[in-house]
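Keep in mind that this is a model prediction, so the values were computed, not measured. Lettering follows sequence order; numbering is per chain, from 1.
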Amino acid sequence: MRYRELHRWDLNVEEAKKVQVELRRKLILQFPGIDVKTIAGVDLAFKGDKAIAVVVVLSYPDLEFLEYESHVEKINYPYIPGLLSFREGPPFLKAWKKVKVEPDIVFFDGQGIAHPRGFGLASHMGVLIEKPSIGVAKSKLFGNYSEPPNEPFAKSPLYSPGGKMIGYVVRTKRNSKPLFVSPGYLMDPENAVHFTLKCVKNYRLPEPTRMAHIFTQRLRKSLII
DNA sequence: GCGACAG
DNA sequence: ATCTTGTCGC
Ligand SMILES: [Mg+2]
């Protein structure tokens with residue numbers, strides 16, 4: 001699959017934040033009513049000085065395995081809250097380049113627009129690969145919310161300090177911590193939650209993300225630093 | 001200055 | 001994210 005090279009990656013904190021502010025104008029927070037037949041999940045693992053990126057493509061709505069691609073390279077950026085895409089973006093894009101089955105939607109393990117500058121990992125990658133994307137994070141980075149009831153499918157809106165609704169806090173499994181779901185690119189909060197829940201089976205994480213995480217750990221254990 | 005802080 | 005074994009509870 002292809003992607004756009006809109007900026008450099010070897011940037012300091014100030015420059016990286018500037019890129020986020022400049023690129024966020026390209027965001028389209030509306031889902032184009034397309035026919036969804038495939039959904040991809042993305043995740044990364046780390047070992048020593050290596051970053052391991054995995055992309056898994058599943059059929060939709062059956063969620064059957066279609067393709068798995070990975071890429072291993074040297075870690076080139078530290079983890080800085082708010083700048084996750086500069087650490088995980090480059091390895092992911094190289095794995096993405098190897099994908100052959102076209103994904104209609106891509107799930108990322110992190111935030112979409114629920115971000116200090118409205119441009120989290122899912123939004124950033126969505127703009128570069130020009131695909132509808134959704135941010136499915138396991139914890140909060142930005143925003144205010146009230147805890148959703150302890151029932152499967154319960155959800156409560158996530159708001160930015162200014163009062164704008166930027167996503168939903170979703171309970172995908174009883175007695176499990178909720179997920180922070182926000183639209184990345186070519187997506188809206190309602191559809192982001194819709195597709196996330198349609199991809200959930202008997203686990204907290206939606207299948208595309210869960211599968212990508214499993215493969216990422218499997219590859220990590222078979223990797224010799 | 002202090003607390004928050006995706007992975 | 002990673003370091004790490006068992007243990008508690010649904
Ligand atoms: Mg991850």
Side-chain angles (χ1 to χ4, degrees), chain A residues 9 13 16-17 19-20 24 41-55 70-93 95 106-127 133-145 149-152 154 158-162 166-185 187 189 192 196 200-206 208-210 212-225:
Chain A
W9 294 97
V13 174
K17 288 182 177 177
V19 164
Q20 295 180 321
R24 71 180 175 194
V42 178
D43 193 24
L44 283 84
F46 300 86
K47 184 170 190 176
D49 64 348
K50 302 295 184 185
I52 305 158
V54 163
V55 178
S70 65
H71 179 75
V72 179
E73 69 175 34
K74 188 170 182 295
I75 296 174
N76 282 307
Y77 211 83
Y79 167 66
I80 300 172
L83 298 181
L84 179 64
S85 60
F86 285 84
R87 178 179 173 80
E88 303 198 341
F92 155 66
L93 292 170
V106 185
F107 283 13
F108 287 90
D109 183 32
Q111 315 291 341
I113 62 171
H115 175 279
R117 286 165 292 286
F119 204 68
L121 177 68
S123 295
H124 195 158
M125 295 307 108
V127 166
S133 64
I134 299 173
V136 180
K138 298 181 290 298
S139 64
K140 189 195 81 167
L141 168 66
F142 184 76
N144 310 302
Y145 69 99
N150 186 20
E151 315 166 350
L158 178 63
Y159 298 100
S160 67
I166 54 179
Y168 282 101
V169 181
V170 186
R171 185 87 61 183
T172 53
K173 190 177 193 293
R174 189 186 300 281
N175 296 329
S176 289
K177 292 189 298 179
L179 297 179
F180 294 74
V181 180
S182 61
Y185 180 62
M187 188 58 60
T196 295
V200 168
K201 285 189 171 175
N202 296 309
Y203 300 91
R204 179 193 182 209
L205 296 176
T209 301
R210 197 174 75 83
H213 185 257
I214 289 174
F215 285 128
T216 217
Q217 293 303 315
R218 185 174 299 180
L219 213 177
R220 179 180 193 283
K221 290 172 183 172
S222 68
L223 191 68
I224 317 167
I225 310 176

Integer-rounded Å distance: B/dC5 P and A/Ile80 CD1: 17 Å
Choosing from B/dA6, C/dA1, C/dC10, which nucleotide comes nearest the side chain of A/Asn175? C/dC10
Ignoring backbone atoms, test whether A/Arg220 places a side-chain nitrogen or oxygen under 4.0 Å from the OP1 or OP2 oxygen of C/dT2. yes
Classify the ring geometry of A/Tyr77 against A/Phe86: parallel below 30°, tilted from 30° to 60°, perpendicular beyond 60°. tilted
What is the distance from CG of A/Asn150 to C1' of C/dG9, rounded to the nearest Å? 13 Å
Heavy-atom count around A/Lys140 NZ within 6.0 Å, excluding the residue itself: above 12? yes
Distance below 4.0 Å between A/Lys47 side-chain N/O and C/dA1 OP1 or OP2: no
Quick check on B/dG7: is either OP1 or OP2 less than 4.0 Å from any side-chain nitrogen or oxygen of A/His213? no
Rounded distance in Å - CZ (A/Phe119) to P (B/dA6): 19 Å
For A/Lys177 and B/dA6, what is the distance between atoms NZ and C1' respectively, to the nearest whole Å? 12 Å
Whole angstrom value for the distance that separates C1' of C/dA1 from CG of A/Leu44: 10 Å
Given B/dG7, is OP1 or OP2 found less than 4.0 Å from the side-chain N or O atoms of A/Ser139? yes
Phosphate OP1/OP2 of B/dA6: any A/Lys140 side-chain N/O under 4.0 Å: no
For A/Gln111 and B/dA6, give me the distance from atom CD to atom C1', rounded to whole Å. 5 Å
Starting at CG of A/Leu84 and ending at C1' of B/dA4, how long is that distance when rounded to a whole Å? 16 Å
Quick one: A/Tyr79 OH to C/dA1 C1', roughly how many Å, whole number? 9 Å
